[in-house]
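Written out below as structure tokens is the structure these notes cover.
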Amino acid sequence: MKVRSVDNTIIQNRQDALNATPKNARTFNSSLSASPSFKGIDPTTAMIDFWAAIARGGLAASFTVQDMLGTNFPRTFAALDRNKDITGKNNYKAAVEVAIREFTTGPSMFVIPALVLAGASRCSGDANRVPVENIAVFSDIMKGTINNLNENKFKGVDFKTMSTQEAQQAVVAIKEAFYSDVFKGIFDQYNQNGGSVDIKEYVDLMLKAEHPDTPKRNFFMSMFNKKVSVLGREVDSRDEILSQLSTKFVADKKARTEGWGNFLNARIIPGGKSYQIGDIATDMRNFSTDFAKQYVSIQRKNMKQGCKIALEKFIDNFRDKRIGTRVATNVLMVLATGLFMSIIPKLYTRNKTNPETDAIYEQVNKQRKGAVNENK
């Protein structure tokens, strides 16, 4: 099955409609193009744009919106109507309890793990955000990257005499070489029918996206595709640059593979796990930033430059530490989420009795009293 993005579908549908219009009709329509339209909002296009915005918000936004529309609001309104046939009134107490329960449960499944991961990464390093299997793969690739740099760009360089600015430049050099090696490994897995790939373009996009001067859009700006303005001029944000990288990757992969599939997916190494190229780019940045800072820092202190045994030992230790902290973080995220879920009942239990059954018990008690009075 051929899969197309929502935006491409909208563009193609409009183009098909234009092609199906007679030329004389196009001329007539063109003459009226400047006049205001009173057609109103197209519900189909509006719904497509809405879900496209939700998709840009990522998994958290998609899950939260679907959870709210599918369960939270329906259950809250159902609770509001609970026992109305008995009391003749809306059950606001039950609606409040259900709303608190539903609107805290869903979002907390993303918020709590995100907070734990952010705290752990702040303490142990950005590589803690990378999945365990990618930490191991990236560590193996980094060994070759650093060896090549030591034999070429870093040959004869004394890290101990580096200034702060020179150390930062060394970090960028490591990241640049690492990005190049990873993208080369990815494209070496595809057929070369479309010719060679300009790996430097991918590296430049990665470095541009993480440059300090590149602005970052907040969640809602990304979700509703709003541009960032700097000094009155619209500029590309970090996520937009990474989106350009993904678009370029899709085109290059299509030219080098046969048939159809998910062209956004890639494997870092042959036989490895498949990830979306955007996720791989994010993991590359987090891993290389953490590693490069650690490597340059230790080189400026006491590590012997060019010693392969010491280098491999350093990389292995870095890998083992980050894998350990990542596993511990995963466990902590599960425990923290479970603990918060256990607290939620205390948050929404605002009444001594259950407001959803109070009217029923009251009715049953009245019937029992009536029966007792009749027997007397």
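Keep in mind the model is a prediction, meaning the values are calculated, not measured. Residue numbers count from 1 along this sequence. Excluded from the calculations below are hydrogen atoms, water molecules and symmetry mates; all remaining heavy atoms, backbone and side chain alike, are included.
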Quiz prompt | salt bridge (charged side-chain N to carboxylate O under 4.0 Å, His left out): pairs with one or both residues in residues 98-108, sequence neighbours excluded | solution = Arg75-Glu102
Exercise. For the residue pair Phe291 and Phe287, categorise the inter-ring angle as parallel (less than 30°), tilted (30 to 60°) or perpendicular (more than 60°).
Key: parallel
Practice problem: Run through the side-chain heavy atoms of Ile, Leu, Val, Met, Phe, Trp and Tyr, join any pair under 4.5 Å, and report what else lands in Val331's cluster. | Solution: Leu335
Quiz item: So which pairs with a foot in residues 338-366 pass ring-ring contact (aromatic ring centres under 6.0 Å, His included), sequence neighbours left out?
Solution: none
Practice problem: Identify, with sequence neighbours excluded, every residue that meets salt bridge (charged side-chain N to carboxylate O under 4.0 Å, His left out) alongside Lys254. | Solution: none
Quiz item: Any donor and acceptor pair, going by atom type alone, linking the side chain of Arg285 with main-chain N or O of Ala281 inside 3.5 Å?
Solution: no
Self-check item: Non-neighbouring partners of Asp158 that pass side-chain contact (heavy atoms from CB on, under 4.5 Å), sequence neighbours left out
Solution: Lys160, Thr161
Quiz item: Any Lys/Arg nitrogen of Lys184 or Asp188 sitting under 4.0 Å from an Asp/Glu carboxylate oxygen of the other?
Solution: no
Exercise. Without swapping roles, check the side chain of Asn91 against the backbone of Pro355 for a donor-acceptor pair under 3.5 Å.
Key: yes
Self-check item: Set of residues satisfying side-chain contact (heavy atoms from CB on, under 4.5 Å) with respect to Ala359, sequence neighbours excluded
Solution: Asn83, Ile86, Thr87
Quiz item: Looking at residues at least two apart in the chain, or sitting in another chain, which of them share a side-chain hydrogen bond (donor to acceptor under 3.5 Å, both in side chains) with Lys84?
Solution: Asn90
Quiz item: Got a sec, which residues hit side-chain hydrogen bond (donor to acceptor under 3.5 Å, both in side chains) with Tyr179, two or more places apart in sequence or on another chain?
Solution: Lys175, Glu210, Ser288
Quiz item: What residues, two or more places apart in sequence or in another chain, satisfy side-chain hydrogen bond (donor to acceptor under 3.5 Å, both in side chains) together with Arg326?
Solution: Asn330
Quiz item: Any side-chain donor-acceptor pair under 3.5 Å between Asn351 and Thr353?
Solution: no
Exercise. Please assess Asp126 against Thr289 for the test side-chain hydrogen bond (donor to acceptor under 3.5 Å, both in side chains), listing each intermediate value before the final yes or no.
Key: CA-CA 7 Å; Asp126 289 335; Thr289 300; 5.1 Å; no
Quiz item: Thinking salt bridges, do Arg129 and Asp290 make one under a 4.0 Å N-O criterion?
Solution: no
Quiz item: So, are Asp204 and Lys208 salt-bridged, with charged N and O less than 4.0 Å apart?
Solution: no
Quiz prompt | Salt bridge flag under 4.0 Å for residues Asp316 and Arg319 | solution = yes
Quiz prompt | Ring geometry between Phe187 and Tyr202 (parallel below 30°, tilted from 30 to 60°, perpendicular above 60°) | solution = tilted
Self-check item: side-chain hydrogen bond (donor to acceptor under 3.5 Å, both in side chains) partners of Thr71, counting only residues at least two apart
Solution: Asp67
Quiz item: Does any donor atom in the side chain of Glu240 or Ser237 lie under 3.5 Å from an acceptor atom in the other side chain?
Solution: yes
Pairs of donor and acceptor atoms involving the side chains of residues 131-142, under 3.5 Å and at least two apart or interchain, shall be tabulated with distances.
unit_1, atom_1, unit_2, atom_2, d
Glu133, OE2, Tyr275, OH, 2.4
Asn134, ND2, Asp283, OD2, 3.0
Ser139, OG, Ile135, O, 2.7

Quiz prompt | Gln189 side-chain N/O to Gly185 backbone N/O, donor-acceptor pair under 3.5 Å | solution = yes
Atom pairs and distances, side-chain donor-acceptor, residues 108-124, under 3.5 Å, sequence neighbours left out:
unit_1, atom_1, unit_2, atom_2, d
Ser108, OG, Thr104, O, 2.7
Ser108, OG, Thr105, O, 2.7
Ser121, OG, Leu117, O, 2.8
Ser124, OG, Ala120, O, 2.8

